[in-house]
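See structure below.
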Amino acid sequence: MGRWINMKILLGSLFAVAGAVCTSLPSLKAPACSAGKGTVEYSKSVPDKAAFPKTKVDVCYDDKSIHITFTALEETNYYFNESQTTNDPIWEYEVMEGFIYHGTNDPQSYLEFEVSPNNVTFQAWIFNPSKVRAADHPLDTSYLTQPAVDGLSAVTTLDKAAQTWVSSATIPLGLFNVDNGQAKGTSWRMNFFRTVVSPDTYPDQLLGAWNPTNESNFHMTPFFGKVFFV
């Protein structure tokens with residue numbers, strides 16, 4: 001009986017991964033910040049790819065860091081929890097997120113970076129051995145508890161008249177074992193996300209992504225897009 005149970009678990013995991021295969025991945029070329037920025041825009045929800053508030057992400061790099069500017073357009077809520085601080089579950093409210101991996105394969109571990117409209121950040125290494133957050137596999141989180149010391153930062157501005165909020169994040173290349181000055185020519189896998197929720201709809205959220213996953217689950221690395229530092 002145990003053998004059959006184990007077989008069912010194994011087959012379930014394989015089917016989950018097979019269902020997550022994304023045949024066409026979006027790509028982005030990101031230059032050095034001195035030369036400009038690479039930009040992606042998205043307006044599709046997760047997982048049904050319906051209309052979603054427009055969102056833009058700009059990416060570039062310098063000698064020491066990755067620079068990501070998240071721009072939320074068509075924003076009406078600016079909803080966050082004032083009591084939350086660094087590494088609290090800010091994703092329960094409104095955030096913009098980047099999942100980042102240095103390499104070309106579908107990763108099992110990656111950095112999750114989030115920022116809220118009041119500039120509170122979440123940053124942690126995620127261990128996701130199933131690559132799809134399968135129920136029978138672990139999903140472990142290792143927090144970066146001193147982001148300012150590590151060189152992670154964010155600056156966020158709100159413009160309610162324009163219905164936007166913009167967060168400019170700095171993430172050290174050293175977190176990914178990329179030495180200073182060696183970012184050019186490197187390849188990455190990333191995906192970008194946004195959550196939309198209001199006091200009236202909380203805790204139900206509208207989810208959006210650069211490359212939408214096929215279920216309401218951001219932790220599906222086969223959907224990470226391809227990013228090249230040129």
Side-chain angles (χ1 to χ4, degrees), residues 24-44 53-75 86 90 95-107 109-126 144-159 162-194 208-211 218 221 223-230:
S24 179
L25 293 172
S27 64
L28 171 68
K29 292 182 179 180
C33 297
S34 60
K37 297 179 179 180
T39 301
V40 300
E41 296 182 353
Y42 61 88
S43 56
K44 292 181 179 180
K54 293 179 181 178
T55 310
K56 184 175 74 168
V57 183
D58 299 309
V59 183
C60 65
Y61 64 90
D62 61 20
D63 284 347
K64 296 182 179 181
S65 302
I66 304 170
H67 297 269
I68 303 177
T69 301
F70 302 93
T71 301
L73 303 165
E74 302 176 330
E75 178 63 62
T86 302
I90 59 175
V95 292
M96 289 187 281
E97 310 182 18
F99 287 14
I100 306 169
Y101 169 70
H102 176 215
T104 59
N105 58 305
D106 300 340
S109 61
Y110 45 91
L111 181 73
E112 178 177 353
F113 179 85
E114 305 179 8
V115 61
S116 68
N118 63 331
N119 203 50
V120 173
T121 61
F122 173 99
Q123 43 277 303
W125 287 106
I126 305 299
L144 294 172
T145 58
Q146 301 183 82
V149 174
D150 294 336
L152 287 96
S153 65
V155 176
T156 301
T157 58
L158 281 57
D159 187 340
Q163 295 187 325
T164 66
W165 62 281
V166 180
S167 291
S168 298
T170 299
I171 301 172
L173 288 163
L175 287 174
F176 307 93
N177 292 312
V178 177
D179 291 336
N180 289 349
Q182 300 301 310
K184 184 175 181 178
T186 55
S187 297
W188 304 73
R189 297 289 300 280
M190 302 184 189
N191 209 351
F192 304 111
F193 307 98
R194 177 182 172 188
W210 176 33
N211 191 33
F218 290 166
T221 70
F223 287 85
F224 285 18
K226 299 177 180 180
V227 179
F228 307 98
F229 285 4
V230 298

I want to check something: taking the side chain as every heavy atom from C-beta on, are [X] and [Y] in contact at a cut-off of under 4.5 Å?
| X | Y | answer |
| --- | --- | --- |
| Ile100 | Leu175 | no |
| Met96 | Thr71 | no |
| Thr221 | Tyr101 | no |
| Leu152 | Pro172 | yes |
| Phe218 | Asn191 | no |
| Trp210 | Leu28 | yes |
| Phe224 | Leu25 | no |

Residue pairs passing the salt bridge (charged side-chain N to carboxylate O under 4.0 Å, His left out) test where at least one lies in residues 109-119, sequence neighbours excluded
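Output for this query is empty, none listed.
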Could you give all pairs that pass the salt bridge (charged side-chain N to carboxylate O under 4.0 Å, His left out) test and reach residues 55-72, with sequence neighbours left out?
none
Would the Phe176 and Trp125 ring centres measure less than 6.0 Å apart?
yes
Rounded at 0.5 Å granularity, tell me how far [atom1] in [X] sits from [atom2] in [Y].
| X | Y | atom1 | atom2 | value |
| --- | --- | --- | --- | --- |
| Thr170 | Tyr61 | OG1 | OH | 16.0 Å |
| His67 | Ile171 | NE2 | CD1 | 10.0 Å |
| His102 | Ile66 | NE2 | CD1 | 9.0 Å |
| Phe113 | Ile68 | CZ | CD1 | 8.0 Å |

On a heavy-atom basis, which atom in [X] and which in [Y] lie closest, and how many Å separate them?
| X | Y | answer |
| --- | --- | --- |
| Thr156 | Pro117 | CG2-O, 3.5 Å |
| Leu173 | Ser65 | CD1-N, 3.7 Å |
| Ala183 | Phe229 | O-CB, 3.5 Å |
| Thr86 | Gln123 | CG2-NE2, 3.4 Å |

Residues which pass side-chain hydrogen bond (donor to acceptor under 3.5 Å, both in side chains) with Thr186, listed by chain and number, not counting sequence neighbours
Trp188
CA sep, side-chain torsions, deciding dist, call: Phe70, Glu97, side chain to side chain contact (heavy atoms under 4.5 Å, CB included):
CA-CA 8 Å; Phe70 302 93; Glu97 310 182 18; 5.8 Å; no
Would a distance-only check, ignoring hydrogens and angles, find a side-chain to backbone donor-acceptor pair under 3.5 Å from Ser109 to Pro107?
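Absent.
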For the backbone of Gln182 and the side chain of Asp179, can you confirm whether one donor and one acceptor N or O come within less than 3.5 Å of each other?
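Side chain of Asp179 to backbone of Gln182: no pair is present.
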Run the side chain to side chain contact (heavy atoms under 4.5 Å, CB included) test against Val120 and tell me which residues pass, sequence neighbours left out.
Ile90, Ser116, Asn118
Output all residues satisfying side chain to side chain contact (heavy atoms under 4.5 Å, CB included) with Val230, sequence neighbours left out; order by chain, then residue number.
Lys29, Pro31, Phe228
Run through Thr104, Asp106, Asn105 and flag the one making a side-chain hydrogen bond (donor to acceptor under 3.5 Å, both in side chains) with Arg189.
Asp106
Can you list everything that forms a ring-ring contact (aromatic ring centres under 6.0 Å, His included) with Tyr42? Sequence neighbours excluded, please.
none
